[in-house]
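What follows is a set of notes on a single structure, which appears directly below.
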Amino acid sequence: MTELAHPDRLAKIAALRSEGKDPYPARGVDCEPLERLIAGGGSVEEPGPLIGERVTAAGRILGLRDFGKLIFAPLVDRSGRLQVGMQKDRLGDWWPDRKRLDGGDILAVTGELGRTQKGELTIWAEEVQLLSKALAPPPEKWHGLVDIEQRRRRRYVDLWSSESVSEVFIKRSRLISIARRFLEERGFLEVETPTLHPIVGGAAARPFTTHHNALGVDLYLRIAPELYLKRLIVGGLERVFEVARNFRNEGIDATHNPEFTMLELYQAQADFRHMMELSETLVEELAVELTGSKTITYRGRQFDLSAPFRRARYDELFREKNGFELDDEPAVRSKAAELGLKADPKTDFWKLLAELFDVTVEESLTGPVFVTHYPVPLCPLAKTDPQDARFAERFELFIAGMELANAFSELNDPQEQERRFEEQVASKDPEVPGEVDIDYVQALEFGMPPTGGMGIGIDRLAMLLTDQPSIRDVLLFPTLRPQPQGGGPSSEQEHAQEK
RNA sequence: GGGCGCAUAGCUCAGUAGGUAGAGCAACUGGCUUUUAACCAGUAGGUCCCAGGUUCGAUCCCUGGUGCGCUCACCA
């Protein structure tokens, strides 16, 4: 037992066992979700069909309000919260066992659905069965878990001790489910591709490295599924998507977690314009389904997610904010220096330009807006714009200043792709693949149809649609520094002593 | 990794201008059959994050560390 186990509760378990009562019975019970009982109870004015009926519910009791011969206890399950009333008159044989109940215990209750004098919907218990005894006490009943670290380390407590928390994660789940249905309705096939990659590719990021013993090779956790999904387009699957967990060995902040979820999709015989339509339609639909409106509130600001979204060219946005063309290298360098960017002359011009764009333009992209036509050197996997060879057929979608989607007309010219890969390798940039993915080039040599591809950050979309300020609030178990033994804050001392 | 901030009872928080601490809730005992953070009376509960230093004396001051939050850099 850990320090969380309460001695009085251990004593209650021992007492139950000595009477032949199992505090952790093996069988579940048939019960109704509380939501259904609440709906079936109707209102005080118009009683529902379940009033007066014998019902069974199961859930966790958060506390006990004990009046001597009457006890009220709020019962919660995933779907809602409903009060249980336990009366001596109705529970004769069981009644002495009330002394063994504690906040946090999981119970099954059978009894008549009714109301109290004040009108509160209540199950008047006739049978109470302990399903699982809680040894650790629940958090403070009024505030719930407030300490943000504990909320994240002990999500299993956070989820039931604060009503709004589980809603966020239920919505996140619905978001993914709606997106799947949306894509399946449009002929997309959900696929699964490897997360262990022999070569890093599909994005610019530092990878996690691991090792396979039997093969005797180092492998990387994927930073993006892109190159595998496009192999499937070569394979003729035509419309594919993956809800892909990606891993990037980078810093952690409000919008970044080392593992995160991208919805990536690829559509043959399409280009980035189709991807714009698809993404704005999907985002609008998700907003309506999850929030009930096309206009959402994020961190106190309103965003209208009605399709179509505004389109704005990268170079035009750049010119508006900076007053000169983005390929005016001297101007870019001097402006960057002026803003204090790391701008020594050997810094790659295009990296510098991207940084200057981030600083001068991205701040103002409240959105929703598609930023289109990125400079080609920033888009090694995208097709060049036939109208202007300086730019690529690519867009990124910004909402509330967050980058939510990235898409392009996929480069399908194997010679051009090989050349761009070789340029990347030659740059020796540590954040760019250090090796040409020959197999991918060969896949293109077999012929890939014109293809539109897109990645949507599911975590950020969930933040936006559930109005959460940090990615860690939409991840059930965000990456935290591990704490040896037990994970609770009380083990910090042991940790410190080891150092 | 840099900067700023936080760490006190199981939980939420006070507090000590250096003299080893207190409330509410939770727990325990008793009372109460209609509460909604129930109420009333009583009891118990603390290495004041860790390690050094200064001091007669440190939870408080100093240094170092750990964890978390915010922020900057990197990234989606």
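Per the geometry, CZ belonging to A:R299 stands 9 Å off P belonging to B:rC70, to the nearest Å. We find that CG of A:D8 is positioned 12 Å from C1' of B:rU43, with the value rounded to whole Å. Note: CD1 (A:I471) to P (B:rC74) measures 18 Å, nearest angstrom. Atom P of nucleotide B:rG67 and atom CD1 of A:I148 are separated by 18 Å, given to the nearest angstrom. Rounded to an integer number of Å, the gap from CG of A:L145 to P of B:rU12 is 6 Å. One interatomic measurement links the two molecules: CD of A:Q117 to P of B:rU34, which rounds to 6 Å at whole-angstrom precision.
Interface remark: the A:D253 side chain does not form any donor-acceptor pair with the B:rC72 base, using a distance-only criterion of under 3.5 Å. Judged by distance alone with a 3.5 Å cut-off, no donor-acceptor contact links the side chain of A:E120 to the base of B:rU34.
Across all strands, A:K12 comes closer than 4.0 Å only to sugar-phosphate atoms, never to a base (heavy-atom distances). Residue contacts shown for A:R472 are limited to sugar-phosphate atoms, with no base heavy atom under 4.0 Å away. Among the protein residues, A:D89 comes within range of the nucleic acid bases, having at least one heavy atom under 4.0 Å from a base atom. Residue contacts shown for A:A204 are limited to sugar-phosphate atoms, with no base heavy atom under 4.0 Å away. Residue contacts shown for A:Q83 include a base, since a base heavy atom lies under 4.0 Å away. When heavy atoms are screened at a 4.0 angstrom cut-off, A:N257 is found touching base atoms of the nucleic acid.
Considering A:D158, A:T479, A:D473 as possible partners of A:R152, the one that fulfils the side chain to side chain donor-acceptor pair (under 3.5 Å) test is A:D473.
Base pairing of B:rC6 is made with B:rG67, judged by Watson-Crick or G-U wobble geometry with both donor-acceptor distances under 3.5 Å. Nucleotide B:rA41 forms a Watson-Crick or G-U wobble pair with B:rU29, both donor-acceptor distances falling under 3.5 Å.
When each of B:rC28, B:rC70, B:rC68 is scored by its nearest atom to the side-chain atoms of A:D102, the top-ranked nucleotide is B:rC28. For A:R152, taking side-chain heavy atoms from C-beta onward, the closest of the listed nucleotides B:rG69, B:rC11, B:rC32 is B:rG69. In the set B:rU33, B:rC13, B:rU36, B:rU36 carries the atom at the smallest distance from any side-chain atom of A:T116. Distances from the side chain of A:R153 to the nucleotides B:rU35, B:rC70, B:rC68 place B:rC68 closest.
We find that the ring of A:F72 and the base of B:rU35 stack, their centres lying under 5.5 angstrom apart and their planes tilted less than 30°.
Dashed line: the shortest gap from a side-chain N or O of A:R248 to OP1 or OP2 of B:rC74 is not under 4.0 Å.
In terms of position along RNA chain B, the nucleotide closest to A:R115 lies nearer the 5' end than the nucleotide closest to the other residue of the pair A:D66 and A:R115. For A:K118 and A:L101, each mapped to the nucleotide of RNA chain B holding its nearest heavy atom, the one lying further toward the 5' end belongs to A:L101.
Note on ring orientation: taking the six-membered ring where Trp is involved, the planes of A:F247 and A:F208 are perpendicular (angle over 60°, cut-offs 30° and 60°).
Using a cutoff of 4.0 Å between basic side-chain nitrogens and carboxylate oxygens, A:R90 and A:E126 are scored as salt-bridged.
Under a 3.5 Å cut-off, the side chain of A:T466 and the backbone N or O of A:A462 do form a donor-acceptor pair.
Applying the side chain to side chain donor-acceptor pair (under 3.5 Å) definition to pairs two or more places apart or across chains, those involving residues 368-377 of chain A are A:Y374-A:E396.
Every salt bridge (Lys or Arg N to Asp or Glu O under 4.0 Å) that A:K21 has, sequence neighbours left out, goes to A:E19, A:D97.
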